[in-house]
Amino acid sequence: MKNDLPKAYVAKDYEDQIYLDWEKSRAFQPDKKSKKKPFTITMPPPNATGTLHLGHAVMLALEDIMIRYQRMQGRPALWVPGTDHAGIATQNKVERDVMENEGKTRHDYGREKFVKMIEKFVAGSQNTIRNQTRKMGASCDWSREYYSLDDRLNRTVFATFKKMFEDGLIYRGNRIVNWCTRCYSTISDDEVDHVETTAKLYTFKYDHKFPFEIATTRPETKLGDTAVAVHPKDKRYKHFIGKVIETNFCGRNLKLSIIADESVEPEFGTGALGVTPNHSIADDQLAQKYGLERIQVIAEDGTIASGMGKYSGMEVENAKERVVADLEKAKLVSKVEEIPQNLSVCSRCKTPIQPLISKQWFIDVNHPVSSWNYRTLKLQKGRAYSLKEVMQHVVREQMIEIIPDRFNATYFQWIDNLRDWCISRQLWWGHQIPVWYRKEDRETIKVQEKSPGKDWLRDSDTLDTWFSAGLFTFSPLRWIDGHDDFKTFHPTQVLETGYDILFFWVARMILMTTYMTGQVPFEKVYLHGLVRTRDGKKMSKSNPETCIDPLDIIPEFGADALRLSLFVGSTPGNDMRLYKEKIAGYRNFVNKLWNVARYILMSVEPSREYRFSATGKNGQLRRRGSTSSSMVPKPKTMADRWILSRLQHMIESTGKNIDEFRFSQAAEDLYAFTWNELADWYLEISKIQKRGDGKKAEQLASNTDEILVYVLRTLLKLWHPFTPFVTEELWTHVKTKGDQKLISESWPKLIKKLQNDKAEKAFDLVRESITTIRNLRAEYRVPPAKFVSAEIVSRKFQTMVDQNAEIIQALARVDSLTVKGGGKAPKNTVSQFLDGLAIHLPLTGLIDSQQEKDRVQKEISRLEVYMRGLEAKLKNKQFLKNAPADIVKAEQQRMETAQDSLQKCQEQLNQIL
RNA sequence: GGGGUUAUAGCUCAGUUGGCUAGAGCGCCACAUUGACAUUGUGGAGGUCACUGGUUCAAGUCCAGUUAAUCCCACCA
């Protein structure tokens, strides 16, 4: 027992060393000897593009809580850390840096060289991420760390591609895609953001011969129109439907079919819509539906394609101005108005998206196949299922549970609207598509990673990052090699991540994993909210003053305080606000915990050995070296019984709360126990229990020491998943021979026989008595240092109050306490009535009878209001008939108590008069 | 247009299957201060749980509607 703790806990003096010790002790690796069911979490891999932000910190805090708790439960707990190459994000980042620093583009370097540059950048950034992860205290198994471009993961990616291709789930097609002209790549529907802007809506005719006007915000694309769509019932245009009108638009000859479709809104613009099949997703659908011709207007670099006359080669924006100018010159424009518009932009670089037709690789989400594990996925035999159907099936059948469950609706809605997933990206950074084309005839292909020979060219595109990310529960566990890790640790138990990547990642993991492994990737999905600023705004890198950097916080307040501030007071799926004062509050708490330990360590007899270990049968405590198997701490006083009982309830509720994902509740309860019960009450009482002289007093003191140490040890264990650093540090002061590091200790076992609701209730009355006296003193402005005398009258609790008289005297600063079983209330006192107990303070000279009268009168009114409510309830026959018996009984009890108090108050009032 | 979330103390938020005289932290007010802790202690003030209706013996909690904020998805050219 060491007792040389500094006055305050300065986290940064301990944390790094503690983490090193944990790592050295291999505590992060799952205990494979354990026979219990493994518990696995795949860490959502941060993008290898830089540094961790608070979103990652929340993720690390929550996952570490689960992992540490399960580890202490004795389960082989595996938390697999990793990083993601994050194709588009990383390439963008390096491109931006190179442009800023050297004014060069990736093309100035060429693919091979540029990829090398990205690799170098990634290596640096991975190191940063690893260090930050350590700073947070994450107890993940570094020996199993993965990176999405690791060999074993690459092989899994290529094997997946091949299998899907052979099953007809991957195809190459000419389809309209979201094209980012800056990234020079397709991006998926989910990578498109919509920003509200205003746009100019032009109303015009294609030429003077054209019979009616159309309206558009994008006149330049009209160069590629092949139809005009109207609503079938629109009288203005009905007689044109089915005709083909030849027109000359800005020097281009267009053949426009007039088609009718319900989707056209007659109220918008002129009610006539120029259809540009290749540059609008909606128009593309019309083109498919009516078999329209297609004309490419915009090239992949964002300029007007060749064959568009004088506009060819112009930037889209310039072309627009030019087209408008030409139209105006020809007096074809009748109206220009500003309208609100949702502009589609690339979520990475905010460049406006050009929808265009391009030959890309897709995953067919509606193609039914039979290559499923029908048994483990509980599918109907003999039936083919599409990816979409299985994604719906496993969640609907609750093989995967989403927390909070309202995200089920979001999930299903997304899947219902899911279109084929475009997986090819025209990027250099990522998994290059394992497809080879024969040089002479590009249509002959081979799907494999290695080159089939000299006459073959590899597809230059890479795969969408989320393709490989979809494999992350099983690819790092070496599924591809049939490794034990996969057999032992898959499916994983929990996937914990932000709700913002439910679609990007969670859904795709379900898709990929069910298809490839025949298992669900995880049993539960826990979604946390976003961390916002004090004003509820998003923290964004472009606004650095709104951002809180975990690396600034940790040295100042400690990782434990940061962790607490990231999940206490927040619930799954809901955003939270974070600001320094909040973190400081938890820093204060951590310090409180430190000082609780510091006091106990200073106060108990240091030479003794306090070796409790709750490893005996039936969760009993044994003292090491003792032959007795029932060395449970023995409560001698009511306070002892109370604190030990409260502690047992904490053991029970903390475990239950963590099991049921109520992390905030668990920590809040522990916080209240630590501060408001242990520190505020029991520690103060222990001082009283330890101050007497004589043999009996010594025995009590020694017994109190045992209880203090037992409570502290247990409390450190309960706190450990939440605040690992400070608890581990304190553990070094209370651990004894044979104890392990706290991280490897077992979760405290519940000792049922120490639960004592009667003692808790009785002791609450003692606490309430003390509070009442303090309150009365404060009200009558008795100086805190001054002692008062008091009289407590209770027939029912006379003995109990007597037994606790010393505590009441000390904590309420009472020098002479009279405890009576009955009799008349003394005169000239300030009095207060609790349930079955009256407290009288003869505050001679301080009592103002008017003030006292007012005080009692106020209490009476309050009681009367309260009793009116109760009375109504108790007179209600329906209530008596329908409410459960214990509820009725409780209400009756309340009524009796209130009546009693009321009567006492009235007596009191009469006496003052 | 479809879907979701939120609305509870001055602020930030809890409130598990309906049983509540509605809680916490911060802030505020008063007092204290060498003893584990000023990163402290003691006491206190502060709420028609957004609004309207319904279900129920009983509604902050369940249902319907209204208002306001917010997010996601789709999208009108």
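Side chains are part of it too, since the values below use all heavy atoms of this structure and drop only hydrogens, waters and symmetry mates. In what follows, chains carry the letters A, B, and so on, assigned in the order in which the sequence lines appear, proteins first and then strands, with residues in each chain numbered from 1.
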Review point. Are OP1 or OP2 of B/G19 and a side-chain N or O of A/K889 less than 4.0 angstrom apart?
Key: no
Study note, to complete from the structure: Distance col, row A/W681:CH2 vs A/I770:CD1, nearest 0.5 angstrom, shows 4.5 Å
**Study point:** Rounded C1' spacing from B/C20 to B/G60 in Å
**Key:** 9 Å
**Study point:** Options B/A14, B/C57, B/G25, nucleotide nearest the side-chain atoms of A/F879
**Key:** B/C57
**Study point:** A/Y579 six-ring centre to A/K582 NZ/CZ under 6.0 Å and within 45° of normal
**Key:** yes
Practice item. Write down the distance separating the C1' atoms in B/G54 and B/G15, rounded off to the nearest Å. Key: 24 Å
Check your understanding: Can you tell me how far C1' in B/A24 sits from the matching atom in B/C62, rounded to whole Å?
Key -> 26 Å
Exercise for review: May I ask you to decide if the ring planes of A/Y526 and A/F661 are parallel, tilted or perpendicular, using 30° and 60° as cut-offs?
Suggested key: parallel
N/O donor-acceptor pairs under 3.5 Å from side chains in residues 860-867 of chain A, not counting sequence neighbours:
from, atom 1, to, atom 2, distance (Å)
A/S861, OG, A/Q857, O, 2.8
A/R862, NH2, A/E859, OE2, 3.2

Review point. So, do A/F663 and A/F722 have ring centers that fall under 6.0 Å from each other?
Key: no
Review point. Which is true for A/P783 with a 4.0 Å heavy-atom rule: it touches a base, it touches only sugar-phosphate, or it touches nothing?
Key: nothing
Revision key, fill the gap. Heavy-atom nearest nucleotide on RNA chain B taken for A/I600 and for A/N876; more 5' hit belongs to A/I600
Practice item. Kindly say if A/W675 contacts the phosphate of B/G41, meaning a side-chain N or O under 4.0 Å from OP1 or OP2. Key: yes
Identify each atom pair where a protein N or O and an N or O of nucleotides 75-77 of chain B are less than 3.5 Å apart, giving names and distance.
from, atom 1, to, atom 2, distance (Å)
B/C75, N3, A/N342, ND2, 3.0
B/C75, N4, A/H194, ND1, 3.3
B/C75, N4, A/N342, ND2, 2.7
B/A77, OP1, A/Q341, NE2, 3.4
B/A77, O3', A/T216, OG1, 2.9
B/A77, O3', A/T217, N, 3.3
B/A77, O3', A/T217, OG1, 3.4
B/A77, N6, A/E265, O, 2.8
B/A77, N6, A/F268, O, 2.9
B/A77, N1, A/E265, N, 3.4

Check your understanding: If you find the nucleotide of RNA chain B closest to A/G573 and the one closest to A/R587, which residue's nucleotide is nearer the 5' end?
Key -> A/G573
Check your understanding: For RNA chain B, what are the stems built from at least three Watson-Crick or G-U pairs in a row, each pair having both distances below 3.5 Å?
Key -> B:1-7 with B:67-73, B:10-13 with B:23-26, B:28-32 with B:40-44, B:50-54 with B:62-66
Review point. Has A/R813 got its NZ or CZ under 6.0 Å from the middle of the six-membered ring of A/F787, at an angle within 45 degrees of the ring axis?
Key: yes
Point to revise | Distance under 6.0 Å and angle within 45° of ring axis: A/K687 vs A/Y599 | key: yes
Practice item. For A/E779, answer base if it contacts any base atom (sugar-phosphate contacts may also be present), sugar-phosphate if it contacts only those atoms, and nothing otherwise; contact means non-hydrogen atoms under 4.0 Å. Key: nothing
